[in-house]
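Everything on this sheet refers to the single structure shown next.
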Amino acid sequence: MNPKAHAVRTGFSRGWTEFRQTLTNGQDLFSYLFVALVFLVVLFFLREDTVEGTPISNATASLPGLLGMTIAFGGLLSTAALLAQEREDGTLLRSKALPHGMLGYLIGKIVTVALMTLVSVLVLLVPGIFLFDGLLAGLASGWFRLLWVLALGMLATMPFGAVLGSLFDNPRAVTGIGMIPIMGLVVISGVFYPVTVLPGWIQAVAQIFPVYWLGLGMRSALLPDSMLAVEIGESWRHLETFGVLGLWAVVGLAIAPAVLRRMARRESGSSVEARRQKAMQRVG
Amino acid sequence: MTMVNEGGAAPPSAFGDGAVLEVRDLRMRYGSVDVLKGVDFSAHKGEVLTLLGPNGAGKTTTIEVLEGFRMRSAGHVRVLGTDPAEGDEQWRARLGVVLQSWRDHGKWRVRELLAHLARYYEPYSTAGGSRPRDVGELIETVGLDPHADKKIATLSGGQRRRLDVAIGIVGRPEMLFLDEPTAGFDPQARRSFHDLVHQLADEDTTILITTHDLDEAEKLADRILILADGRIVADGSAEQLAAQLPGDAEVRWTRDGSRFVHATPDGTAFVRDLFAQYGDEVADLEVRRPTLEDVYMSMVKRHETGQGHAAVSGFAEVDR
């Protein structure tokens, strides 16, 4: 029995168990799905209006961008928040005390976050298909594109989420402070309106980060070419999407292991105890 | 058990082949504060050691260095023949660490978590014993069978602590570290924990326990170590430590309605003479030897006065 491969398998079952626990826990489920439900309601009221000069409904046109944003949120914020929280509560230290426990832990976390992100995407996409015209036709031809953008998007965001979660000691700071730059990115990345209405320099900044490309990738998978008029260069730019997301994934996967190792090395009973004391002070 | 012989810079063992734990001149410095100033001790296979000492004396630091969770500043340390700073996963599989838990894995059920954590040990069975332990038996051993299917977040403090102990031994460790394991135990849980420690020692598990409970230390330990001012200031069985103390045994008795108290270095001899002289007239006899508590208080006091005091209070801040 190869111990490393065994730990990876154990990690997969860990991820599945935690996914199951999240799905059967009302509070967790609510926090994952609340945003998606709000978006669905807003889109529902937009469905009668069409995008100027096209027969496409505003709801159909907006939903892919929201899917892209959901993936970025899952990959960055869920990963970061879970890591910081489980560092504080001692889950990580417990894993460190096991043979190849950190490997199993990380695999488990990746599986849980990936599955939960997938659920968040489905919660938006499946009702969307029934409620809004044109999405099913888009999906029929673009499903493969949707899958690779989804997979690459997770690879591009999760390692940085892990780095973010390693740097902050306080889980509440991760969701608080981490939220601000990500919301900023969402605002400039053409999620809620076409990126081309923004000044050129903002468009340039947005194209550095994965949120824009995730949105573009989802639009290219689900929308007809008649929607290209509002995109940069009037093109879906598949190659660029693959290139930028791929680059983020490569850089993230190169940095994250070292940051995670450094973080894991510093975990000990007294560091967990110190965080516990701090957390107790915040509560009390 | 086979000892891993490391070549190169490692000095030869001064403790013989049976040493599972070797600590020589262990030093730890945080900034300009010396927390450990040369800790020395060793343990043989199957031995139970308790590490006593005032808060901030460096007990947790010492145990974390041995667990491989903290880098030492200097000194020679071997746990199961391996330097903890370089311990690999094979080595890790032979250790058990009982951590102070708080609220980790709150959504997991007791049996579910134990079974999951046990899986990590599956590739590490040896001729000496199969890993991991049977989870059902383990749950019974620590008395959690009525709670096996409960979510961990719903357990009481004492039940959670028993789960911590179960997690620590699920991999059938050869060396077990317990940092204040009985905090929050009721007397019954404490008693069954003591039985468990004896049972583990019978299976040749070497055990290092830190505790504040002197009574517990006396009951459990083959050997008691007292850590004060960054050094081991006492090392021996409870009886040996008591004998080191210059204090005398105190003999009390009554005769003809009068009370007598006498201090003597040899209580047994004194009582023998007493009976030889007065026979049946002696009543209400009490011989009180110095207790572990007396030894502890006097040792700690001696080492915490003067220069030692500054170092100890300095550490308390670093550790927080």
Side-chain angles (χ1 to χ4, degrees), chain A residues 1-28 85-105 108 112 264-281 283, chain B residues 30 58-61 63-65 67-71 85 87-109 112-113 115-125 131-132 151-153 163-164 167-168 170-171 173 177 179-180 210 315 318-320:
Chain A
M1 197 172 343
N2 179 332
K4 248 186 183 165
H6 181 78
V8 169
R9 275 196 301 276
T10 309
F12 269 99
S13 82
R14 178 183 180 85
W16 179 252
T17 305
E18 292 200 317
F19 173 63
R20 220 166 18 82
Q21 287 166 350
T22 308
L23 282 188
T24 52
N25 180 312
Q27 200 183 341
D28 277 5
Q85 185 194 323
E86 297 188 341
R87 219 145 52 91
E88 189 191 67
D89 70 22
T91 306
L92 239 93
L93 182 61
R94 180 98 59 203
S95 305
K96 197 180 156 181
L98 301 163
H100 284 303
M102 285 304 288
L103 180 62
Y105 171 82
T112 310
R265 207 171 33 239
R266 292 149 64 110
E267 286 306 301
S268 67
S270 24
S271 60
V272 170
E273 178 60 22
R275 282 195 290 270
R276 170 191 157 127
Q277 296 286 346
K278 254 162 75 188
M280 289 301 188
Q281 276 166 16
V283 174
Chain B
Y30 294 116
K59 296 191 299 290
T60 297
T61 301
I63 218 166
E64 285 182 357
V65 167
E67 289 164 349
F69 288 167
R70 197 177 273 274
M71 292 297 140
D88 59 6
E89 305 298 322
Q90 188 81 43
W91 173 76
R92 173 70 57 207
R94 298 164 63 199
L95 294 191
V97 175
V98 173
L99 296 162
Q100 302 267 14
S101 84
W102 173 23
R103 56 178 190 201
D104 64 295
H105 292 100
K107 290 172 202 153
W108 291 67
R109 292 171 200 281
E112 185 178 47
L113 181 64
H116 169 69
L117 299 181
R119 274 187 71 179
Y120 286 91
Y121 292 94
E122 278 168 8
Y124 300 96
S125 282
R131 292 192 166 100
K151 282 194 181 167
I152 291 166
L163 175 63
D164 292 333
I167 292 171
V170 72
F177 297 102
D179 201 356
E180 294 183 25
T210 72
F315 170 64
V318 176
D319 203 24
R320 277 286 80 87

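Throughout, protein chains are lettered first and strands after them, A, B, ... in sequence-line order, and every chain is numbered starting at 1. Any value given below was found using the heavy atoms of this structure, including those in side chains, with hydrogens, waters and symmetry copies removed. Given the structure is predicted, the values throughout are model-derived calculations rather than measurements.
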ask   = Within a strict 4.5 Å, meaning less than it, do heavy atoms of the B:Arg119 and A:Arg9 side chains meet?
value =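 Side-chain contact under 4.5 Å: yes.
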query = Side-chain contact, heavy-atom cut-off 4.5 Å: B:Glu64 with A:Ser270?
reply =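 B:Glu64 reaches A:Ser270 side chain to side chain.
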task = Could you have a look at A:Val272, A:Leu98, A:Asp28, A:Thr22 and say which one has the most heavy-atom pairs with chain B under 4.5 angstrom?
result =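 So the answer, after comparing A:Val272, A:Leu98, A:Asp28, A:Thr22, is A:Leu98.
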One thing to verify: whether [Y] and [X] come together as a salt bridge, which I'm taking to mean a side-chain N less than 4.0 angstrom from a carboxylate O.
X	Y	value
A:Arg87	B:Asp104	no
B:Glu112	A:Arg20	yes
B:Arg103	A:Glu88	yes

query = Given that the side chain runs from C-beta out, which part of A:Thr17 has a heavy atom under 4.5 Å from chain B: side chain, backbone, both or neither?
reply =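 It is the side chain, since no backbone atom gets that close.
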task = Check B:Glu89 against A:Gly101 and note the closest heavy-atom contact, atom names and distance.
result =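 Heavy atoms of B:Glu89 and A:Gly101 come nearest at OE1-N, 4.5 Å.
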inquiry  = Under the criterion side-chain hydrogen bond (donor to acceptor under 3.5 Å, both in side chains), I'd like the reasoning laid out for B:His116 against A:Arg14: C-alpha separation, chi angles, the key distance, then a yes or no.
reply    = CA-CA 7 Å; B:His116 169 69; A:Arg14 178 183 180 85; 3.1 Å; yes
With rounding to the nearest 0.5 Å, note down the distance linking [atom1] in [X] to [atom2] in [Y].
X	Y	atom1	atom2	value
B:Thr60	A:Glu273	OG1	CD	8.5 Å
B:His105	A:Asp89	NE2	CG	8.0 Å
A:Leu93	B:Leu99	CG	CG	4.5 Å

request  = Using non-hydrogen atoms and a 4.5 Å limit, figure out which bit of B:Ile167 sits close to chain A: side chain, backbone, both or neither.
outcome  =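 It is the side chain, since no backbone atom gets that close.
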request  = Could you go through the side chain to side chain contact (heavy atoms under 4.5 Å, CB included) check for B:Tyr124 and A:His100 one step at a time?
outcome  = CA-CA 11 Å; B:Tyr124 300 96; A:His100 284 303; 3.4 Å; yes
inquiry  = Please determine whether side chain to side chain contact (heavy atoms under 4.5 Å, CB included) holds for the pair B:Arg92 and A:Lys96, giving the CA-CA distance in whole Å, both sets of side-chain angles, and the decisive distance to 0.1 Å.
reply    = CA-CA 9 Å; B:Arg92 173 70 57 207; A:Lys96 197 180 156 181; 5.6 Å; no
ask   = Do the side chain of A:His6 and the main chain of B:Tyr121 share a donor and acceptor less than 3.5 angstrom apart?
value =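 Checking the backbone N and O of B:Tyr121 against the side chain of A:His6, no donor-acceptor pair under 3.5 Å is found.
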inquiry  = Please identify, among B:Tyr120, B:Trp91, B:Phe69, the residue contributing the most non-hydrogen atom pairs under 4.5 Å to chain A.
reply    =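 Of B:Tyr120, B:Trp91, B:Phe69, B:Tyr120 has the most heavy-atom pairs under 4.5 Å with chain A.
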